[in-house]
Amino acid sequence: MTALVAVGAQWGDEGKGKIVDWLAVNADLVVRFHGGNNAGHTLIVGGQKTVLHLVPSGVLQSGTVNLVGPGVVVDPRVLADEIGKIRAQGALKDPARLRVSGRAHVITAWHVALDKAREEARREGAIGTTGRGIGPTYEDKVARRGIRVADLLDPPSLRAAVDRLAREKNFELTELHRWPEIPADTVFDELLALGKELAPYVDHTGKLLERAVREGRKVLFEGAQGTFLDIDHGTYPFVTSSNCVAGAACTGAGIGPTRIDHVLGITKAYTTRVGGGPFPTEDRGAGGAWLGEKGQEFGATTGRKRRCGWLDTVVLREAAIVNGFGSIAVNKLDVLSGLEEIPLATAWRIDGKLTRDFPMTLDEVSRAEAIYETFPGWREPLSDVRRYDDLPGNARRYLERIEAVVEVPIDVISIGPGRDETIARRDPFSHTRQ
């Protein structure tokens, strides 16, 4: 097994950072292929907490090279700050271990301001954006007027790109939203300085990736957000501005689909969601409060409280289909310890009709009533368990029902935030039973 894609199977916040860090011990390259600093991946290694927003989650594994692909949108100030913090931990002494695509698009101060201004203008109809400038940057990318990382290293190109955006962005800010203008010279000077700081990390990542695959090195592609925040396959318009599914690894990293060997879907043992949009298994009562408190469900990027509910196999089956999951990793199984009963949604009822298939429209999802099977819980703590057979019987029965309904095997089970608090039934890279 050479190339493995790890993607979220829900609405993001599935614990991808922990799983990617754990997988990265066997990886040569870890590649981020979409999104921006609207994603927050939390790693806990040796009791130390590290939150990453742009740098791939393999950076704390000393043997990895970490690539930020052309499909990512990069806020250069955030990236520079993040690199500084990682270097202060002693984890990124060699710039060659982090390579940033010169083709990745740049988030500017205009994009951040517009993101916040537009969300403020929506009021009750707000999508729940993080206000990090992600959507406006992708807009400019698609409209072929964006600024790319390589432009930061070429002052004439950068000046032309900034001037190209200035009039339009300031017009929208001042005339439509009554926000203050951001001078073009301010943007240019800031980006030019950041370009000099980031220059040691900028590279043609596509060439590095192709060489690694040709040489048979192990490559791990790291998704951000989750399947149902995907711009095409998610609960639109309550989605992010990029493609989050496994297929986006090809375009967002620069690799052909025949190079991908396996897709690992990552899910919590329950479900959470941040921001607006339908959530059929949301529990607004005691159950949801339990999950939120015990699971410490607050956004790594924004600190926002997450909405909580039960695992939904209608959602999980759809994620398995659109991503082509070969196997699944289940996070936070330990959070369920202590519950008397654990609901598992195995179908939806929409307008009186029972379905196990995810519908086409947002309105149908909004009208869906989750149909549950209920499983007996367990009281035993799981933090010391390292073998699947040592899990409580009720925990195994819950997991095995998920496998049966979704029709995808569970390879990895996380029973705590630490790197070592992980049960491996199968190595996703080799797919050989351990």
Side-chain angles (χ1 to χ4, degrees), residues 5-16 34-35 127-128 223-249 263-284 288 291 306-331 342-375 398-410:
V5 183
V7 294
Q10 299 167 301
W11 281 281
D13 308 311
E14 301 95 346
K16 295 181 290 297
H34 76 99
I127 292 171
Q225 286 88 38
T227 296
F228 293 91
L229 295 177
D230 184 281
I231 189 69
D232 292 314
H233 302 284
T235 46
Y236 187 92
F238 297 97
V239 293
T240 191
S241 300
S242 63
N243 287 111
C244 311
V245 295
V263 179
L264 176 71
I266 302 172
T267 178
K268 282 176 179 163
Y270 50 98
T271 307
T272 63
R273 179 163 198 175
V274 171
F279 183 177
T281 62
E282 183 173 9
D283 187 328
R284 294 186 174 92
L291 296 172
R306 296 174 183 142
R307 300 156 63 191
C308 297
W310 306 107
L311 188 62
D312 193 334
T313 63
V314 176
V315 166
L316 204 50
R317 278 171 55 87
E318 176 74 0
I321 291 168
V322 299
N323 289 287
F325 290 161
S327 60
I328 293 172
V330 176
N331 269 319
I342 302 171
L344 175 68
T346 54
W348 289 353
R349 183 176 288 113
I350 303 174
D351 300 333
K353 296 181 179 179
L354 198 68
T355 182
R356 290 178 171 81
D357 297 324
F358 198 89
M360 183 173 64
T361 68
L362 185 73
D363 284 346
E364 290 171 290
V365 180
S366 300
R367 298 198 302 273
E369 173 194 356
I371 306 300
Y372 293 100
E373 295 179 12
T374 302
F375 291 80
Y398 177 67
L399 293 171
E400 287 158 13
R401 182 56 178 156
I402 295 168
E403 287 184 311
V405 176
V406 181
E407 299 180 304
V408 178
I410 294 172

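Keep in mind it's a predicted model, so treat the numbers as computed, not measured.
Judged by distance alone, the side chain of His34 and the main-chain N or O of Gly223 form no donor-acceptor pair under 3.5 Å. Listed for the Thr271 side chain is a donor-acceptor partner under 3.5 Å among the backbone atoms of Trp310. Side-chain atoms of Asn243 never come within 3.5 Å of backbone atoms of Ala248 as a donor-acceptor pair (strictly under, hydrogens ignored). The main-chain N or O of Val7 is never found under 3.5 Å from a side-chain atom of Glu14 such that the two would form a donor-acceptor pair. Without hydrogens or angle criteria, Thr346 side chain to Tyr372 main chain gives no donor-acceptor distance under 3.5 Å. Counting only distance, with no hydrogens or angles, the side chain of Asn323 and the backbone of Phe325 share no donor-acceptor pair below 3.5 Å.
Contact record, Ser242 with Gly35: OG-N, 3.6 Å, taken as the closest heavy-atom pair. The minimum heavy-atom distance between Ala345 and Ala370, with the atom names listed, is CB-CB, 4.2 Å. Nearest heavy atom pair, residue Pro237 against residue Leu362, reads CD-CD2, 3.8 Å. The shortest heavy-atom contact between Ile266 and Ala6 is CD1-CB, 4.0 Å. Contact detail for Ala9 and Val315: the closest heavy-atom pair is O-CG1, 3.8 Å. Counting all heavy atoms, side chain and backbone alike, Ala329 lies closest to Leu264 at N-CD1, 3.7 Å.
Under the side-chain hydrogen bond (donor to acceptor under 3.5 Å, both in side chains) test applied with Trp348, the options Thr355, Thr281, Asp312 reduce to a single match, Asp312. Considering Val405, Ile410, Val406 in turn, Val406 is the only one that fulfils the side chain to side chain contact (heavy atoms under 4.5 Å, CB included) rule with Val408.
Listed by chain and residue number, Trp11, Arg273 satisfy the side-chain hydrogen bond (donor to acceptor under 3.5 Å, both in side chains) test with Thr235 (two or more places apart in sequence, or in another chain). Under the rule for a side-chain contact (heavy atoms from CB on, under 4.5 Å), the partners of Ala249 that lie at least two apart in sequence or sit in another chain are Val5, Phe33, Phe221. In this structure Arg401 satisfies the salt bridge (charged side-chain N to carboxylate O under 4.0 Å, His left out) test together with Glu373, sequence neighbours excluded. Partners of Thr272 by side-chain hydrogen bond (donor to acceptor under 3.5 Å, both in side chains), not counting sequence neighbours, listed by chain and number: Lys268. Remark: Arg284 pairs with Glu282 by the side-chain contact (heavy atoms from CB on, under 4.5 Å) rule, at least two apart or across chains. Taking the salt bridge (charged side-chain N to carboxylate O under 4.0 Å, His left out) definition, one finds that Glu400 meets it with nothing, sequence neighbours left out.
Asp357 has its side chain within reach of Arg317: a pair of non-hydrogen atoms, C-beta onward, lies under 4.5 Å apart. You'll find the side chain of Ile342 stays beyond 4.5 Å of the side chain of Tyr270, heavy atoms only.
Here OG1 of Thr240 is found 7.5 Å from CD1 of Ile231. Values are rounded to the nearest 0.5 Å. Rounded to the nearest 0.5 angstrom, Glu403 CD and Leu316 CG are separated by 11.0 Å. In this structure, the separation between CD on Gln225 and NZ on Lys16 is 7.0 Å, given to the nearest 0.5 Å. For the atom pair CD1 of Ile402 and CG of Leu311, the computed distance is 5.0 Å after rounding to the nearest 0.5 Å.
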Worked check of side chain to side chain contact (heavy atoms under 4.5 Å, CB included) between Glu364 and Asp351
CA-CA 8 Å; Glu364 290 171 290; Asp351 300 333; 5.7 Å; no
